[in-house]
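To start, the structure itself, in structure tokens.
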Amino acid sequence: MDRKSTKDKPLSEKTTEDFAHYFQTTYTPPDIKKARKRGRDKIEVHYDFEISDNLRQIGEGKKFLIRTYGCQMNEHDTEVMAGILTEMGYEPTERAEDSDIILLNTCAIRENAENKVFGEIGHLKSLKVEKPDLIIGVCGCMSQQESVVNRILKKHQQVDLIFGTHNIHRLPNLIQEAMFSKAQVVEVWSKEGDIIENLPKVRHGKIKAWVNIMYGCDKFCTYCIVPMTRGKERSRRPEDIIQEVRHLAAQGYQEVTLLGQNVNAYGKDFEDIDYKFADLMNDMHKIDIPRVRFTTSHPRDFDDHLIEVLAQGGNLLDHIHLPVQSGSSYILRKMNRKYTRESYLELVKKIKKAIPNVTLTTDIIVGFPNETDEQFEETMSLMEEVGFEAAYTFIYSPREGTPAAVQKDDIPMDVKKERLQRLNELVNKQSAASMKSYEGKTVKVLVEGESKKDDTVLAGYTEKNKVVNFKGPKSIIGKIVEVKITEAKTWSLNGELVKKAIEVN
Ligand code: 5AD
Ligand code: SF4
């Protein structure tokens, strides 16, 4: 593969042909065999993204709407696409009827996420009939799947543009093509692209920010489509991340969340430097920003050095989201998680020893193919043994192209639903107990704004990510304050303002 041929051209001048090495055809289906063999091609980092002059005014007087489904990675991709569209002259709108371009940034993780998107595509049909010049685009993880692309091409002519997760920086050119092409425009690279550093962003708020630290996933959990939709693991250079976080701190941001499908694998792909996630967190600790979170971590790569770094505290918050997926070592092996119940519990023990006040939350899948009652009970007991304060729980959803999807499954859906309900009852019980334990305590709250339900009340988040509602002056929005908790509700806490603004660190 010769990447040099296009290397000297600025990104904005490259054409579809310049990227031909990325796709065998316009798109390929998720293929685990191919994905596993993906090459060790060196990833190039580009700093020269630019929107060419002829595309800069294309959106003047026009409006865009992006609907986002799924995870934080998608939320952040939406901020990038909003940045690109804004530089093209488009203005944001919340109303589909006022839009000139609507993008659906989709999620493929479970079938119901996909169904929602197809429902939305259906709804947009009548709007497209009314406004033929409206551009409807589908992007995100669903567009990386051949079956989805085919279904849209066959049945949903109202969609003008389909582009993949590796093609976001191509948005200006793709919009131009969609404007002038009679046919539906499809650009989905099956192979991950390079890292493009200087993409514009319109961030969702001025208090908290997402910061990507890596892209893709190489873990290949047998149920998961992500390694196919997001490509191989590629880490951003430390200096670029540090600069971005410093810049956010200088702009007054109070909190950053470092994002990756598996942040603990950060840096494993560097060939020239030995710099891992623990080193990055250590550098984050030195930056003058009050709160640093990260998501999502994989238990496998959670090493002692990282625990040691996190134990320093300060702006590294003592809340760790550590997806366990199942409490049964047998099921974990079938999921290719590469740890056991015992080794997970051992890791939890180490973390709790080093960070005694730590809050642990998790993700759990119930009803993995042929999961027995006993194996499910092991998940229930692990939930209690660890004492997770919250958990995202899901019924296993077969994803085409993943190894688990071809397994015969003897467990009926109503059994799976019953298990999910039992698990959720336990999660709610543990969550309620942890909320109750805050009553009478004083906590630090980052004030985000007025409560959605009552504008005389302010709302913010504790270090452990619990919502707190309390009365106070609007001038403290964006600040960290001390609040005494007076009452625990199921999903939030009520309190009274103690101290208007506190020194951090
Ligand atoms: N079915 C159900 N849940 C899934 N997840 C990932 N893939 C699937 C699937 N096929 C869950 C995992 C993961 C979270 C983001 O989504 O728990 O941690
Ligand atoms: Fe999916 Fe597993 Fe990668 Fe998470 S670590 S994105 S569950 S393959």
Side-chain angles (χ1 to χ4, degrees), residues 30 32 35-36 38 69-75 106-116 140-142 144-145 147 165 192 212-235 257 259-266 268-269 277 294-302 320-328 331-339 344 360-371 376 379 382-383 388 390-407 409 411 413 416-417 419-420 423-424 427:
I32 192 149
R36 275 179 184 282
R38 53 196 173 204
Y69 303 80
C71 66
Q72 293 97 334
M73 195 65 78
N74 264 14
E75 303 260 357
T106 65
C107 170
I109 200 111
R110 283 171 291 276
E111 195 186 351
N112 56 3
E114 290 200 359
N115 291 344
K116 267 193 227 158
C141 287
M142 273 171 72
Q144 292 293 137
Q145 295 171 273
S147 55
T165 57
E192 59 282 337
N212 263 131
I213 64 165
M214 60 183 301
Y215 305 93
C217 181
D218 285 341
K219 281 284 177 279
F220 294 102
C221 301
T222 55
Y223 51 81
C224 188
I225 193 76
V226 170
M228 274 73 84
T229 62
R230 290 274 171 179
K232 75 171 175 175
E233 286 171 356
R234 292 101 71 209
S235 303
T257 302
L259 289 182
Q261 308 297 346
N262 166 19
V263 289
N264 309 77
Y266 176 80
K268 286 188 161 187
D269 52 323
F277 186 55
F294 57 90
T295 195
T296 279
S297 48
H298 190 296
R300 177 107 194 281
D301 301 316
F302 214 108
I320 299 172
H321 186 69
L322 196 61
V324 65
Q325 314 297 359
S326 167
S328 149
I331 295 289
L332 288 170
R333 185 149 47 84
K334 293 277 166 201
M335 287 176 163
N336 192 32
R337 290 291 289 180
K338 300 202 173 86
Y339 56 85
Y344 185 90
L360 293 170
T361 55
T362 200
D363 291 350
I364 293 175
I365 297 176
V366 303
F368 187 78
N370 307 313
E371 179 191 56
F376 170 67
T379 297
L382 183 103
M383 181 75 211
F388 292 114
Y392 295 100
T393 57
F394 312 101
I395 290 185
Y396 165 74
S397 170
R399 306 281 65 215
E400 190 193 334
T402 62
V406 292
Q407 274 181 43
D409 185 2
I411 312 298
M413 190 43 107
K416 297 188 182 199
K417 284 189 178 157
R419 287 180 188 166
L420 182 71
L423 177 62
N424 284 345
V427 173

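Whatever order the structure lists them in is the order used to number ligands and atoms, beginning at 1.
Classification of Lys268 and Asp301 as a salt-bridged pair holds, one side-chain N sitting under 4.0 Å from a carboxylate O. Salt bridge status for Arg234 with Asp218: absent, with no side-chain N to carboxylate O gap under 4.0 Å. At a threshold of 4.0 Å, the pair Glu111-Lys116 does not count as salt-bridged, since none of the basic side-chain nitrogens sits closer than that to a carboxylate oxygen.
Atoms of the protein (N, O or S only) found under 2.8 Å from atom 2 (Fe) of ligand 2 are Cys221 SG.
Under the side-chain hydrogen bond (donor to acceptor under 3.5 Å, both in side chains) criterion, Lys334 pairs with no residue, sequence neighbours left out. Applying the side-chain hydrogen bond (donor to acceptor under 3.5 Å, both in side chains) criterion to Asp409, with sequence neighbours excluded, gives Lys416.
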Which N/O atoms of ligand 1 sit under 3.5 Å from a protein N/O, and at what distances?
residue: ligand 1; atom: 1 (N); partner: Ser397; partner atom: N; Å: 2.9
residue: ligand 1; atom: 3 (N); partner: Arg110; partner atom: NH1; Å: 3.2
residue: ligand 1; atom: 5 (N); partner: Arg110; partner atom: NH1; Å: 3.4
residue: ligand 1; atom: 10 (N); partner: Tyr223; partner atom: O; Å: 3.0
residue: ligand 1; atom: 10 (N); partner: Ser397; partner atom: O; Å: 2.8
residue: ligand 1; atom: 16 (O); partner: Arg110; partner atom: NH1; Å: 3.0
residue: ligand 1; atom: 17 (O); partner: Gln325; partner atom: OE1; Å: 2.6
residue: ligand 1; atom: 17 (O); partner: Gln325; partner atom: NE2; Å: 3.4
residue: ligand 1; atom: 18 (O); partner: Gln325; partner atom: NE2; Å: 2.8
residue: ligand 1; atom: 18 (O); partner: Asp363; partner atom: OD2; Å: 2.7

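With Asp269 contributing its side chain and Ser235 its backbone, the two residues share a donor-acceptor pair below 3.5 Å. With Asn264 contributing its side chain and His298 its backbone, the two residues share a donor-acceptor pair below 3.5 Å. Under the 3.5 Å distance criterion, the side-chain polar atoms of Asn74 are matched with a main-chain donor or acceptor of Thr106.
Of the N and O atoms on the side chains of His321 and Thr361, at least one donor lies less than 3.5 Å from an acceptor on the other residue.
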